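Below: one structure, written as C-alpha cells.
Order of appearance sets the numbers: ligands from 1, and atoms from 1 within every ligand. Keep in mind the model is a prediction, meaning the values are calculated, not measured.
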Amino acid sequence: MAPGDNNNNGNGILRSEEWFGPKDLEGFLHRSGLKAQGFSEEAFSGKPVIGIANSWSELTHCNAHLRDLAEYVKRGVVAAGGFPLEFPTISLGEFFLQPTSMLLRNLMSMDVEEMLRGAPLDGVVLLAGCDKTTPAMLMGAASADIPAILVTGGPQLRGNWRGQDLGSCTDCRRYWAELRAGRITQDEYDSMEEAIYRSAGHCMVMGTASTMGGIAEAIGMSLPGGATIPGADSRRRSHSEAAGRQIVKLVEAGIRPSQIMTAAAIDNAIRLLLAVGGSTNAIIHLTAIAGRLGIDLPLSHFDELSRKTPMILNLKPSGEYLMEDLYYAGGIEAVLSRLSSLLNLDEMTVTGKTLGENIANARVDNDRVIRTLEKPLFAEGGIVSLTGSLAPDGAVIKHTAASPELLQHKGRAVVFEDFADLHERIDSDDLDITEDDVMVMKNAGPIGGPGMPEWGMLPLPRKLLRKGVRDMVRISDARMSGTAFGTVVLHVTPEAAIGGPLGLVQNGDMIELDTPNRKLELLVDAAELERRRKAWKAPAAKYDRGYGQMYSQHVLQADGGCDFDFLRGRTPVELRV
Ligand code: FES
C-alpha cells in the first residue's frame, strides 16, 4: 500500500477542520477555546493540528524532562507549518507505582487511544521514556491509527561511582546482593544513590526502556537516533524538534502506524530485540502491539528468529557497556546496519523513507560495543522461549544474562507460594535449600500478581549469598526488570493463579531446565498431577470493583501480551472529512 492510500480522503479536508473550520456555533466554540488560550486565528487556521501526548510526571523520574522536550517538538511543528497542542497522558513510573506499573499499561494505552480518537488532532508526537510508557503509547497509537512519531526522553548518562561506571539498575541489584552478603557496607551502598542516577533520562543499561526505544526505531516509529541520544545531550532537543517537523510531513502524506508497524517491521523489531540482548518484557509488549494491528505473534516465532539472530551488542546486563557508549558507537542505526542482511529493509518508517534508506549511511565507531555478525557476543539471540510440562503455553529465559553452567540443570524444587511467602522465609537460616535446588515462586502472573510484577529475579537466600553463591535457577510466572540478570525463567504460562502446572508444584519435586533444547519439565507423573489438580483451589480474587476488577476479568496471559481481550485490534480514525 502506498502512503496516503489509507487516508480516508473524503473531500480532502483535515479532520481538525471539522472542529475549527465551520462558521456555526460548534466552530465558534472550538475556535474560542483556542483564542481563550491566547492563540490567534492565524496561528491555527487551516493548519494540521499536531497533538503532543506528554507522559511527563514527577512521579516518573525518567520522564521528568519531557516538558522541556515538548517545547522543542512544538518549535518543529510550527516551523513546518503545523499547529501544536500539548496534552498530558497518565504516566507510569517504575519506581513509584504499586503493585506494578504493568497493571496500568493497558489503562495508559486506552488513555492515549481515546484522546487521539476524541480530540481534534491530525497527527501526534508521543513523548515517552520509562518502561511501560513507550509500549502504552505505541499500543494506543496503533489502535487509533493516526500519523504518529514516538520520541523518548533518551537514556541517562553513565553512572559513576569511585571511578567505575555503574548501570541503572543492573548495578543497584548487583551491589544489593553484595550488601546482603556482607561484602560492602550500608554507607557504601547509600553513596551510590546519586552516583548512579545523575541525569535526565531512563535507565541506561539495555533494560526495558532502552529496548523499547530501540524497538521503536527498528519498527519504524521513531526517527533515527531516537533510542540512544542521552536525555541530557543537546541533540535530544534537536531530535525532538526534528520529530515536530516530520510529523507535519507525515500528516500531509497520510502515513499511518498500521502502514509502518507491519508484520515485516515487527520481525525487524524482534531481530533488534534479540541482537541487543534486550529485555524479556519486550516480548510481552511487542505481542500486545502486534495484537492491536491484527498480527498474531506466537512465542515460537521469537524463538525461531532467536536461533538465527546473533547477539552483537555488548551492553549490560548481558555485556559490559552502557547506552551512552552505544550512542558514541553509532546508535541503533549502526546496530541495524550490522543486522541488515537479516532485516526487511523495504519497510516504511516515520521518516517517509524505508528502513534501508534510514540506515544507508550508518557507521559503527566502536566494534567492542557493536560486534559483527561474524564475531558476535553470543551465537543466538538474547532471549529464548521454553515449553514443557511446567509451561505448556511457554516461558522465557534471557540466557545471555544467565550462568552458562545452569542453563541445563535438574534440581529439587523449593517452593514459595507467593511474593509475601518468599520475603518472609528467604533470609531464614532454617530454609531448607542448597545452591543445586530450583527456586519456584507462584502467584505472580497477570492475575496472581496482580499485573505480573517484576519479581522474577528472586533474591537468593542470604545463607547461600554468604557462601559465595551468586546465581541459581529461579522459576516464576512473574516478569523481571530488563536491567536484571541471572538464570531466571519467567512468564510461565498458564500462570499459577488460574491453575497452570506451576500452581501444582510442591517442595521436593524435580524440575528440569534444558535451555539448549528449549524444555522446562516438571518431573512428576501425570496421575499425581491430576490428583493435585483436583485438590487445587484458586486464590481469592484481588479486587471486587474498579479498574482492578476489569483488569482481572479481561487481561490475557503473557502469550497474549497481557493486553485486554477487548482492546485487541484497531479502529482507525478518519483522517480527512
Ligand atoms: Fe524508568 Fe528504569 S525506572 S526506565
Are any side-chain N or O atoms of Ser199 and backbone N or O atoms of Leu157, one a donor and one an acceptor, separated by less than 3.5 Å? yes
Can you spot which of Thr60, Thr89, Thr152, Asn63 makes a side-chain hydrogen bond (donor to acceptor under 3.5 Å, both in side chains) with Ser55? Asn63
Axial cation check for Phe378 ring with Arg371, 6.0 Å and 45° limits: no
Answer yes or no: is there an ion pair linking Asp171 with Arg173, defined by an N-O contact shorter than 4.0 Å? no
If we only look closer than 2.8 Å, how many protein N, O or S atoms does atom 2 (Fe) of ligand 1 have near it? 1
Between Ser306 and Ile383, is there a donor-acceptor pair closer than 3.5 Å when you use the side chain of the first and the backbone of the second? yes
Taking ring pair (Phe, Tyr, Trp, His ring centres under 6.0 Å) as the definition, give me every residue that meets it alongside Phe95, ordered by chain and number, with sequence neighbours left out. His61, Tyr197
